[in-house]
K.L.:
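This structure is in structure tokens; I'll ask about it shortly.
Whatever order the structure lists them in is the order used to number ligands and atoms, beginning at 1. Sequential numbering from 1 along the given sequence is applied to the chain's residues.
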Amino acid sequence: MKNLISIKDLSIEEIEKIFSLANEIKKKPHKFSRYLKGKSFALIFHKPSLRTRVSFETGIFQLGAKAVYLEEEIGFSKREPVKDIARVLSRYVDGVIIRTFSHQLLLDFAKYSTAAVINALTDSFHPCQVLSDLWTIREKKGELRKVKIAYVGDGNNVCNSLIYGCLKTKANLRIATPAGYEPRISIPAQNLEIRIMNDPEEAVKDADIIYTDVWTSMGEEGREDRKEIFQNFQVSKRLVNYAKPDCLIMHCLPAHRGEEITDEVIEGRNSIVFEQAENRLYVQKAILISLDIL
Ligand code: CP
Ligand code: NVA
């Protein structure tokens with residue numbers, strides 16, 4: 001795999017390889033401790049991050065490689081153009097991990113980079129998150145094509161990546177968003193496994209997994225009316241009761257308790273949000289090992 005820009009670009013074989021590597025890494029982390037010895041990775045983050053940054057930095061260290069976190073002062077597209085930064089960094093490091101606003105900017109960077117480029121979240125996609133989440137779902141529930149996932153909330157970057165992830169792995173996905181907040185990914189007409197609707201109760205009916213994310217993503221702040229628009233889309237005990245009794249609750253975090261999810265549900269016994277966060281480490285190590293840089 002040259003880059004990880006979107007799950008859309010991955011073959012099912014590449015996804016399976018990441019999943020099986022992640023299984024092995026979780027079981028025998030020490031086996032991989034020198035796997036990327038001598039390699040280095042630059043991290044460029046234009047939005048805050050706890051999980052993605054720390055799991056990448058730690059994962060890189062655990063694979064024997066070096067992470068270089070680049071602060072704001074590199075002046076991405078201000079001090080010098082993106083295409084120059086990409087060509088310079090490519091001469092020093094083996095991979096660049098980028099979290100930014102515009103997905104186009106990431107594509108522009110990748111066009112000029114000979115180092116591998118990993119999308120650590122853009123306004124459009126969050127592929128590392130969703131690969132890890134699908135791996136978590138498989139770990140908990142078995143074969144993805146037999147699993148019913150309900151995503152409730154905003155049709156955002158996580159939701160977009162979930163669509164591509166479910167298209168590839170053939171998991172059943174129902175998405176409930178308020179009208180006007182649907183994801184803007186076109187789903188092939190022949191695909192019957194993915195449905196987008198505006199009724200959260202219908203979406204979660206008999207679900208094995210309920211997944212939610214913030215109503216306001218990073219960069220979209222300042223719209224107080226969202227709380228009112230999304231109020232019927234809160235993952236509450238009442239909503240969870242429409243799902244299967246053993247339905248698991250997922251959230252990519254950070255969570256806004258009292259908005260997209262209640263405290264009772266996120267702290268409840270069916271919630272796997274912290275294991276979900278932990279698994280980012282294993283799957284991202286598997287992603288790094290899958291890059292064509294060895
Ligand atoms: N879920 C996730 O990507 O978290 P961070 O924004 O903290 O990296
Ligand atoms: N949709 C959220 C995900 C955070 C990990 C955001 O973009 O802010």
K.L.:
Students should be able to answer this: which protein heavy-atom is nearest to atom 3 (C) of ligand 2, and at what distance?
P.N.:
D213 OD2, 3.6 Å
K.L.:
Hey, are W135 and N23 close enough side-chain-wise for a donor-acceptor pair under 3.5 Å?
P.N.:
yes
K.L.:
Could you find the nearest protein heavy atom to atom 2 (C) of ligand 1 and give me its residue, atom name and distance?
P.N.:
R280 NH1, 3.4 Å
K.L.:
Under a 3.5 Å cutoff, is there a donor and acceptor pairing between the side chains of N279 and T136?
P.N.:
yes
K.L.:
If hydrogens are left out, which of R51, R53, R99 has an atom nearest to atom 6 (O) of ligand 1, that is, the closest non-hydrogen atom?
P.N.:
R99
K.L.:
Can you confirm, on distance only, whether ligand 1 has an N/O atom lying under 3.5 Å from any N/O atom belonging to L121?
P.N.:
no
K.L.:
Which of the atoms of ligand 1 are close to H126, meaning less than 4.0 Å from one of its heavy atoms?
P.N.:
2 (C), 3 (O)
K.L.:
Nearest protein heavy-atom contact for atom 7 (O) of ligand 1: which residue, which atom, what distance?
P.N.:
L50 N, 2.6 Å
K.L.:
Taking only non-hydrogen atoms of L253, do any sit less than 4.0 angstrom from ligand 2?
P.N.:
yes
K.L.:
Check ligand 2 against N156 and write out every atom of the ligand that is under 4.0 Å from a heavy-atom position of the residue.
P.N.:
1 (N)
K.L.:
Any carboxylate oxygen within less than 4.0 angstrom of a Lys/Arg side-chain nitrogen, looking at K47 and D123?
P.N.:
yes
K.L.:
Using side-chain heavy atoms (C-beta onward) and a distance below 4.5 Å, is V235 in contact with T262?
P.N.:
no
K.L.:
In terms of side-chain heavy atoms, does D246 have a donor or acceptor partner in N270 at a distance below 3.5 Å?
P.N.:
no
K.L.:
Stepwise, does the ring-ring contact (aromatic ring centres under 6.0 Å, His included) test hold for F233 with Y181?
P.N.:
CA-CA 12 Å; F233 292 79; Y181 292 83; 9.2 Å; no
K.L.:
Step through the shown structure and confirm whether more than 12 heavy atoms of other residues, nucleotides or ligands are within 6.0 Å of NZ on K2.
P.N.:
yes
K.L.:
Between H46 and E72, is any side-chain donor less than 3.5 angstrom from a side-chain acceptor?
P.N.:
no
K.L.:
Are any of the side-chain nitrogens in E73 or R79 under 4.0 Å away from the carboxylate oxygens of its partner?
P.N.:
no
K.L.:
Would K47 count as a polar contact of ligand 2, with the cut-off being nitrogen or oxygen pairs under 3.5 Å?
P.N.:
no
K.L.:
Would you mind checking which non-hydrogen protein atom is closest to atom 8 (O) of ligand 2, with the distance to 0.1 Å?
P.N.:
M218 N, 2.8 Å
K.L.:
So for ligand 1, is M218 a polar contact partner (N or O within less than 3.5 Å, distance only)?
P.N.:
no
K.L.:
With only distance considered, is P254 within less than 3.5 Å of ligand 1 through an N or O on each side?
P.N.:
no
K.L.:
What atoms of ligand 2 come closer than 4.0 angstrom to any heavy atom of N157?
P.N.:
1 (N), 2 (C), 6 (C), 7 (O)
